[in-house]
Amino acid sequence: MDFQFTEEQQQLRRSIREFAEGEIAPHVMEWDETSHFPLEIMPKLAEMGLLGVIFPEQYGGAGLGYMEYVIAIEELSRVDGSVGIIVAAHTSLCSNHIFKFGSEAQKQKYLVPLAQGKKIGAWSLTEPEAGSDAGGTRTAAAQDGDSWVINGAKTFTTNGHYADICVAMAVTDKSKNSHGISAFIVEKGTPGFRPGKKENKLGLRASDTSEMILNDCRVPRENLLGAEGEGFIGSLKILDGGRISIAALGLGMAQGALDAAVKYAKQRKQFGQPISEFQAIQFKLADMATQVEAARLLVYQAAWLADGGAQRFTRESSMAKLFASEVAVQVANECVQIHGGYGFTKDYPAEKFYRDVKLCTIGEGTSEIQKLVIARQLLGKK
Ligand SMILES: Cc1cc2nc3c(=O)[nH]c(=O)nc-3n(C[C@H](O)[C@H](O)[C@H](O)COP(=O)(O)OP(=O)(O)OC[C@H]3O[C@@H](n4cnc5c(N)ncnc54)[C@H](O)[C@@H]3O)c2cc1C
């Protein structure tokens, strides 16, 4: 085993950290307070190759792997989880679905501008009545001549209002249950397709989370993504990678909360000394750091498996997602505690980490669903 990052990976981390601290950190609280989607940093993310890290250069990507992708999401999320989730949904959900299941023509038309960062992507699986039970999708698509006509409503779509390209799942054959769900590429501006209500969220407030309305939305026949009836099964494969994203998101925010807690503990004086001199605070910091490091190992193991070309890494990505998410919640909680009353105010980053990390135990499969996935793998069930 080799726990050493390459020089290129270390350099990538340094450059993203510098960018995140220099160009994201000064705006984080304002973006959060006003729920401002940071469109202005998208060109810079694109220029750095961060909107297509895992895709080959021939499709406009950076030609790197999941290891580099995890570094990117981790470093962005260490400063702002909103930016982390924007990049994650764009890359590992929308663009990756097109990369993994798209025809050559679809890759050229849609993946190339997505990976180059010229267009923003979204991915719509969840519906009001189909969350954890995503196989219960109700949005339906019917063939009509050379088109598919899609009707229904999606919910909780990250990047919904800002996406140029959306991959949406819809039922094409109700009799086949989850094997009757197909994936479609829907472009912004298609008649009958529009983002609906923007959620007013607890955390990750600079990211956009929206309903997507499909009302007699007609897309050309060639916008079917992958084989008919394989959209749901394909989505499960996409979520294997997606869960590594959320694990990296949690890891990055946990690291950010730990760094903030260490900094504050050294500054804050009580009883005539920095609170970092109290063993109770030291034990908290030691526990936080150990948990973060354990999460990091699981997240990088999952990325390593993904890069190694493993057919499925479902169990490992679910374990990484489950553990890193729960660790992030615990670490952010202790970060607030170490800040005392100031952790309850907006003068320090602790309260934002505390709010933002909660998404990780919910998005792309709740912690409970991750446990079901892991148990199924252990028990050899499908
Ligand atoms: C900020 C944000 C961004 C998101 N982005 C996207 C996106 O880009 N695209 C997308 O498609 N979706 C997205 N989602 C949706 C997300 O994946 C769902 O919210 C999640 O899968 C849970 O579904 P639900 O909210 O309907 O909860 P429910 O499924 O209703 O779950 C409610 C509770 O019941 C538990 N539960 C449900 N079933 C079981 C079971 N079988 N056993 C035990 N417990 C169970 C859950 O764990 C949870 O605690 C996003 C959500 C949020 C909040």
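What's counted below: heavy atoms across the whole structure, side chains too, no hydrogens, waters or symmetry copies. Remember, it's 1-based here, ligands and their atoms both numbered in the order they're listed.
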Is the shortest distance from a Lys or Arg side-chain nitrogen in R205 or E33 to a carboxylate oxygen in the other one below 4.0 Å?
no

Less than 3.5 Å apart, N/O on ligand 1 and N/O on the protein: could you list those pairs with the distances?
unit_1: ligand 1; atom_1: 5 (N); unit_2: F156; atom_2: O; d: 2.9
unit_1: ligand 1; atom_1: 5 (N); unit_2: T158; atom_2: OG1; d: 2.8
unit_1: ligand 1; atom_1: 8 (O); unit_2: T158; atom_2: N; d: 3.0
unit_1: ligand 1; atom_1: 8 (O); unit_2: T158; atom_2: OG1; d: 3.3
unit_1: ligand 1; atom_1: 9 (N); unit_2: W123; atom_2: O; d: 2.8
unit_1: ligand 1; atom_1: 11 (O); unit_2: L125; atom_2: N; d: 2.8
unit_1: ligand 1; atom_1: 11 (O); unit_2: T126; atom_2: N; d: 2.9
unit_1: ligand 1; atom_1: 11 (O); unit_2: T126; atom_2: OG1; d: 3.1
unit_1: ligand 1; atom_1: 12 (N); unit_2: T126; atom_2: OG1; d: 2.7
unit_1: ligand 1; atom_1: 12 (N); unit_2: F156; atom_2: O; d: 3.4
unit_1: ligand 1; atom_1: 14 (N); unit_2: F156; atom_2: O; d: 3.3
unit_1: ligand 1; atom_1: 17 (O); unit_2: E364; atom_2: N; d: 3.2
unit_1: ligand 1; atom_1: 23 (O); unit_2: S132; atom_2: N; d: 3.4
unit_1: ligand 1; atom_1: 29 (O); unit_2: S132; atom_2: N; d: 2.9
unit_1: ligand 1; atom_1: 29 (O); unit_2: S132; atom_2: OG; d: 2.6
unit_1: ligand 1; atom_1: 47 (O); unit_2: T366; atom_2: OG1; d: 2.6
unit_1: ligand 1; atom_1: 47 (O); unit_2: E368; atom_2: OE1; d: 2.8

So CG of L359 and CG of L249: to nearest 0.5 Å the spacing works out to 6.5 Å

Given the rule in the salt bridge (charged side-chain N to carboxylate O under 4.0 Å, His left out) test, do K118 and D164 qualify, once you have shown the distances and angles that lead to the verdict?
CA-CA 9 Å; K118 291 181 178 158; D164 303 289; over 6 Å; no

Are side-chain N/O atoms of E211 and T155 paired as donor and acceptor at under 3.5 Å?
no

Measure the acute angle between the ring planes of Y59 and F99, then classify it against the limits of 30° and 60° as parallel, tilted or perpendicular.
perpendicular

Does a donor on one side chain sit under 3.5 Å from an acceptor on the other, for T139 and E127?
yes

